[in-house]
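As structure tokens, the structure follows; a few thoughts come after it.
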Amino acid sequence: MSFLKIEDIHHTYFSNQAAQTAIGGISLDIEKGEFVSFLGPSGCGKTTLLSIIAGLFPPTSGKILLENKPLKAEHDFSIGYMLQQDYLFPWKTIEENITLGLRLLKQNEGLEHIKAMKLLNEVGLAGTENSYPRELSGGMRQRAALARTLAVNPKILLLDEPFSALDYQTKLKLEDLVSETLKSFGKTAVLVTHDIGEAIAMSDRIYLFASKPGVIHKTFDVPDELRELTPFHARNHKQYTALFQTIWKELESLEY
Ligand code: ADP
Ligand code: MG
């Protein structure tokens, strides 16, 4: 039994004029604690598949099983979602933003506060609990978004290009933070990215997508030597360069 099982997912978007097949048959299995990436240029169906996994809408056909059970979409906190935009509420403090989900779960307030403080500390944002999102930098806001996502203790985290709006240095630092934090919590995660380097530096396994319709073109296992390193250090390893070249050539051969 796999932790997350994706079984023959097809998805077509219908409008009055046209039908657009975004996913043309994808199956894959993810084990507990694994970090995998969906890699490919824009338009190859990465966000569509992630949204289906998140239960935002049903696929045209196929099924998704989490711990052998179909996902329940509404008020189900087993899935945490982190996007390019942080979606923090501007009128709420950082602590209020982070405890929002906990409040929906009706945890007691004392416990909420302790949890929020612990998570803020974990993501390096201790002392910002009474600040408002506008007072924080882009990188700090994404760290707050990570803390908010982790607060409800999801079984799996879905990350849709969470670093792509950040400057390069902030992005590298946040890659390390996300990777270390998820490892320390033993979380399973799926990262969507169009950045080959990011996929190699962060993942255990990479699914390279081909488009029109979106399918998995090839799967790459990241060598242990890289997986043991933090993303930043992985980027300086010779195996990183080798895998980068291999994936680059594959992408070229797809002729987008
Ligand atoms: P990616 O995240 O890899 O960039 P998407 O999943 O966003 O790809 O899109 C895959 C394909 O589906 C694209 O051709 C896109 O134009 C199309 N698509 C995405 N969302 C919609 C939608 N809501 N309605 C119609 N077509 C869509
Ligand atoms: Mg996308």
Side-chain angles (χ1 to χ4, degrees), residues 4-28 30 35-64 66 71 73-74 79-88 138 141-142 145-146 149 154 156-168 170-171 174-175 178 182 188-203 205-220 222 244 247-256:
L4 181 74
K5 194 165 194 61
I6 296 172
E7 240 175 61
D8 201 20
I9 296 291
H10 290 252
H11 193 74
T12 302
Y13 290 105
F14 294 100
S15 71
N16 291 337
Q17 293 82 25
Q20 165 89 11
T21 297
I23 311 265
I26 289 186
S27 300
L28 56 95
I30 301 171
F35 193 115
V36 308
S37 289
F38 296 165
L39 174 68
S42 75
C44 64
K46 306 183 297 295
T47 294
T48 302
L49 184 57
L50 213 64
S51 309
I52 291 169
I53 298 173
L56 299 182
F57 50 80
T60 308
S61 68
K63 60 180 177 186
I64 311 263
L66 183 65
L71 287 169
E74 64 286 344
I79 304 260
Y81 215 168
M82 196 175 155
L83 307 161
Q84 186 175 337
Q85 258 194 307
D86 55 61
Y87 292 106
L88 296 170
R141 291 172 59 123
Q142 273 307 48
L146 174 66
T149 309
I156 183 159
L157 274 96
L158 306 176
L159 314 166
D160 197 345
E161 313 218 8
F163 313 117
S164 56
L166 304 170
D167 62 83
Y168 194 62
T170 305
K171 167 191 156 92
L174 213 60
E175 279 179 12
V178 167
L182 296 193
T188 312
V190 183
L191 171 72
V192 158
T193 182
H194 56 258
D195 179 334
I196 306 174
E198 183 172 294
I200 299 173
M202 295 198 72
S203 327
R205 190 163 58 259
I206 299 167
Y207 295 99
L208 178 62
F209 281 48
S211 63
K212 295 191 172 32
V215 290
I216 293 168
H217 173 68
K218 240 183 189 151
T219 306
F220 299 91
V222 175
F244 193 104
I247 297 178
W248 178 266
K249 280 194 197 114
E250 261 333 304
L251 271 164
E252 294 266 277
S253 79
L254 288 171
E255 286 282 334
Y256 285 105

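If you're wondering where the values come from, they're calculated on a predicted model, not measured in any experiment. Just so you know, ligand 1 is whichever comes first in the structure, and atom 1 is the first atom listed for that ligand.
- Lys46 contributes a side-chain N or O that, together with a main-chain N or O of Pro41, makes up a donor-acceptor pair within less than 3.5 Å.
- Looking only at distances, no side-chain donor or acceptor of Thr12 sits under 3.5 Å from a matching main-chain atom of Thr21.
- Residues Gln142 and Phe163 form no side-chain contact, since every pair of their non-hydrogen atoms from C-beta on lies 4.5 Å or further apart.
- Shown here are the protein N/O/S atoms lying under 2.8 Å from the Mg ion (ligand 2), water excluded: Thr47 OG1.
- The contact shell of ligand 1, taken as protein residues with any non-hydrogen atom closer than 4.0 angstrom, comprises Tyr13, Gln20, Ala22, Pro41, Ser42, Gly43, Cys44, Gly45, Lys46, Thr47, Thr48.
- Note: His11 and Tyr13 have perpendicular aromatic rings, judged against thresholds of 30 and 60 degrees for the angle between ring planes.
- Residue Leu28 forms a side-chain contact (heavy atoms from CB on, under 4.5 Å) with just one option from Val36, Thr219, Ile6, and that option is Ile6.
- For the side-chain contact (heavy atoms from CB on, under 4.5 Å) with Met202, the lone residue among Leu182, Val178, Thr193 that qualifies is Val178.
- Phe209 and Phe38 have tilted rings, their planes meeting at an angle from 30° to 60° on a 0 to 90° scale.
- Annotation: side chain of Leu159 is in contact with side chain of Phe35 (closest heavy-atom distance under 4.5 Å).
- Taking the side chain as every heavy atom from C-beta outward, Ser51 and Tyr81 approach each other to under 4.5 Å.
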